[in-house]
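What follows is a set of notes on a single structure, which appears directly below.
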Amino acid sequence: MVMRRSEYFIPMLREVPSEAQVVSHQLMLRGGMIRQLTSGIYNWLPLGLRVLRKVENIIREEMDAAGAHEILMPGVQPAELWRETGRDEKYGAELLRFKDRNQRDCVLAPTHEEVVTDIFRKNVRSYKELPLNLYQIQWKFRDEIRPRFGLMRGREFSMKDAYSFDVSREASLAAYDKMFKAYCRIFDRLGLQWRAVVADSGAIGGNYSHEFQVLADTGEDTLLFDPEGDYAVNIEKFDAATAPKPREKLVEKKGIEVGHCFHLGTLYSEKLGANVVLEDGKSVPAVMGCYGIGVSRVVAAAIEQCHDAAGMMWPAEIAPFDVGLMTLRKGDAACEALAAQLYADLQKMGKTVLFNDRDASAGEKFAEMDLLGLPWQAIVGPKNAKEGIVEWKNRQTGEKLMLPAGKVPF
RNA sequence: CGGGGCGUAGCGCAGCCUGGUUAGCGUGCUUCGUUCGGAACGAAGAGGUCGGAGGUUCAAAUCCUCUCGCCCCGACCA
């Protein structure tokens with residue numbers, strides 16, 4: 001996949017729009033990745049969408065590998081279903097309600113426990129069909145009191161939500177562990193620094209609620225963790241819980257919550273009558289767990305963690321393109337020829353390339369590429385081009401390599 | 001919802017207090033020329049219902065009323 005900058009839709013901005021406060025928001029706006037439509041609601045432009053899709057795909061692969069099955073549930077749901085669980089009232093104004101043409105009460109889904117449990121109760125009868133884990137990647141709508149910080153707290157956001165169904169508490173906790181491990185793989189693959197923190201160890205017993213936090217100085221949550229062990233906790237929960245470690249021995253860092261694993265028990269299955277028949281003929285409510293990842297938030301969190309004064313610095317796995325190719329002198333025969341060759345070579349190698357072929361000054365192209373933050377820049381200058389040399393710059397380290405055409409540093 | 005701020009060209013802003021020709025500046029955009037390794041230079045252009053409605057006035061971006069939208073702080077939250 002190779003894309004010419006001149007033919008692509010990347011409406012970049014030189015200046016920071018006044019509406020953007022946080023760095024991820026500013027850079028995504030400046031890099032032409034997103035545009036705000038209205039408060040807390042965004043358009044995803046091609047470059048931003050590429051990152052979103054990459055994050056989705058990593059999640060999808062690991063969820064599939066963990067035995068979960070992808071489904072897709074509707075955003076528009078009957079309010080009736082929400083009355084069954086009592087969340088119609090509980091959710092309050094954050095739940096967007098409206099009526100269809102027949103005056104039926106509808107809601108725009110802020111989450112999908114009700115619907116997935118409805119699928120279960122209508123389609124699963126026997127313990128033989130369990131364990132079952134259904135997940136989707138879908139846009140949620142929560143009418144936040146105050147949306148802010150760009151993608152970090154929007155009203156409409158993409159979420160991967162998985163729901164496990166099991167015959168017993170033991171089986172459900174095993175499912176939880178499986179998801180927990182899948183989450184660890186997901187966040188490792190995303191190329192981000194992260195911690196799983198204990199979110200609540202109360203009523204359920206054991207640690208069966210974890211938040212997954214991407215570490216970033218700009219994060220809103222404060223985490224405490226043991227530098228020598230696995231223990232990590234959100235400072236909000238620290239005082240409430242009996243801590244296994246004294247405060248002084250724990251390190252404090254800021255984080256952005258991007259995932260949450262939660263053991264639900266039979267809360268929803270009982271209310272909605274989602275039962276399975278066991279071997280002995282008795283019927284019991286399914287034991288559930290739910291597992292969310294804020295997909296669109298991950299994109300913003302990655303920028304909050306990985307950026308410098310010049311712009312974004314994408315981890316390789318989720319970068320919108322692998323390479324930013326640029327010629328420093330448009331019209332120079334040697335440059336054009338070498339760039340064309342590179343362009344073809346990289347394509348053959350299966351690398352994705354954004355070719356900045358605009359007729360702009362060298363400085364402007366450097367600045368643009370630094371802002372977009374692709375992992376590698378392939379720089380074709382007039383002098384080096386004559387000798388068939390390409391300069392490779394690593395965006396994260398700043399390291400520069402001079403390599404003959406045909407060789408790539410990664 | 002309470003408190004604060006802001007809506008003037010794609011983006012960033014001045015002008016408003018103290019009403020008065022064709023509403024400016026920077027940047028971006030278009031065209032031409034010169035440049036060509038860190039957001040080049042010169043020249044010529046295009047681009048505006050001054051958020052909207054009503055009012056005051058000979059005259060409103062500017063004053064008054066209402067209204068819509070966006071941002072920030074707080075409560076709340078993935």
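Note that the structure is predicted; figures quoted are calculated from it, not measured. Values below: every heavy atom of this structure, side chains too, minus hydrogens, waters and symmetry copies. Below, read A as the first sequence line, B as the second, and so on, with proteins coming before strands; counting in each chain starts at 1.
Atom CZ of Arg358(A) and atom P of A39(B) are 15 Å apart (whole Å). The separation between Ile389(A) atom CD1 and G37(B) atom P is 18 Å, rounded to whole Å. One atom, NZ of Lys330(A), and another, P of G37(B), lie 17 Å apart when rounded to the nearest Å. Atom CD1 of Ile10(A) is separated from atom P of C11(B) by 19 Å (rounded to the nearest Å). Remark: P of G10(B) and CG of Leu29(A) are 15 Å apart, rounded to the nearest angstrom. One atom, CD of Glu15(A), and another, P of G12(B), lie 8 Å apart when rounded to the nearest Å. Rounding to whole angstrom units, CG of residue Leu328(A) and P of G38(B) are separated by 9 Å.
If you check G48(B) for Watson-Crick or wobble pairing at under 3.5 angstrom, you find it has no partner at all. Remark: C36(B) base-pairs with no nucleotide in the shown strands. Criterion, Watson-Crick or G-U wobble with two distances under 3.5 Å. Applying the Watson-Crick and G-U wobble criteria (two distances, each under 3.5 Å), G2(B) pairs with C73(B). In this structure, U21(B) makes no Watson-Crick or G-U wobble pair, since no nucleotide meets both defining distances under 3.5 angstrom. Remark: U57(B) base-pairs with no nucleotide; criterion is Watson-Crick or G-U wobble with both hydrogen-bond distances under 3.5 Å.
Note on Asp161(A): nothing from the nucleic acid sits closer than 4.0 angstrom, heavy atoms only. If you check every strand for non-hydrogen atoms under 4.0 Å, Lys400(A) touches a base. When heavy atoms are screened at a 4.0 angstrom cut-off, Gly381(A) is found touching base atoms of the nucleic acid.
Side chain to side chain, Tyr135(A) and Asn133(A) fail the donor-acceptor criterion of an N or O pair below 3.5 Å. With hydrogens and angles left out, the side-chain atoms of Tyr8(A) and Asn356(A) include no donor and acceptor closer than 3.5 Å.
With both ends at atom P, the span from C50(B) to G20(B) equals 16 Å, rounded to whole Å. A61(B) and G19(B) are spaced 14 Å apart, taking the P atom of each and rounding to whole Å. Nucleotides A23(B) and U31(B) are separated by 28 Å at their P atoms, to the nearest Å. Annotation: C66(B) and G2(B) have their P atoms spaced 15 Å apart (nearest Å). G51(B) and G7(B) have their P atoms separated by 8 Å, given to the nearest Å. Separating the P atom of C25(B) from that of G48(B) is a span of 16 Å, rounded to the nearest Å. Taking atom C1' in both G52(B) and G74(B), one finds a spacing of 30 Å when rounded to whole Å. Comparing G12(B) with A39(B), their C1' atoms sit 15 Å apart, to the nearest whole Å.
Between Ile186(A) and the options Glu61(A), Arg60(A), Glu62(A), a side-chain contact (heavy atoms from CB on, under 4.5 Å) holds for only Glu62(A).
Side-chain contact between Glu80(A) and Asp88(A): absent, with no pair of heavy atoms (C-beta onward) separated by less than 4.5 Å. Residues Arg35(A) and Leu45(A) have side chains in contact (heavy-atom distance under 4.5 Å, counting atoms from C-beta outward). Counting heavy atoms from C-beta on, the side chains of Arg395(A) and Gln377(A) come closer than 4.5 Å.
For Arg14(A), no side-chain nitrogen or oxygen approaches OP1 or OP2 of C11(B) to under 4.0 Å.
The aromatic rings of Trp376(A) and Phe410(A) lie parallel to each other, with less than 30° between the two planes, well short of the 60° mark.
Closest heavy-atom contact between Arg30(A) and Pro17(A): CG-CD, 4.4 Å.
For the pair Arg297(A) and Phe157(A), the cation does not sit on the ring face, since its NZ or CZ is not both under 6.0 Å from the ring centre and inside 45° of the axis. Remark: Arg4(A) is positioned above the aromatic ring of Tyr343(A), its terminal NZ or CZ atom under 6.0 angstrom from the ring centre and at most 45 degrees off the axis.
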Check the pair Phe262(A), Tyr163(A) against ring-ring contact (aromatic ring centres under 6.0 Å, His included), reporting the backbone distance first and the verdict last. CA-CA 10 Å; Phe262(A) 201 84; Tyr163(A) 305 88; over 10 Å; no

Its contact letters, B for base, S for sugar-phosphate only and - for none at protein heavy atoms under 4.0 Å, make nucleotides 69-78 of chain B read -SSBBBBBBB

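Non-hydrogen atoms lying under 4.0 Å from RNA chain B are contributed by Ala362(A), Gly363(A), Glu364(A), Phe366(A), Ala367(A), Asp370(A), all within residues 362-379 of chain A.
Evaluation of atom-type donor-acceptor distances gives a pair under 3.5 Å for the side chain of Glu391(A) against the base of G37(B).
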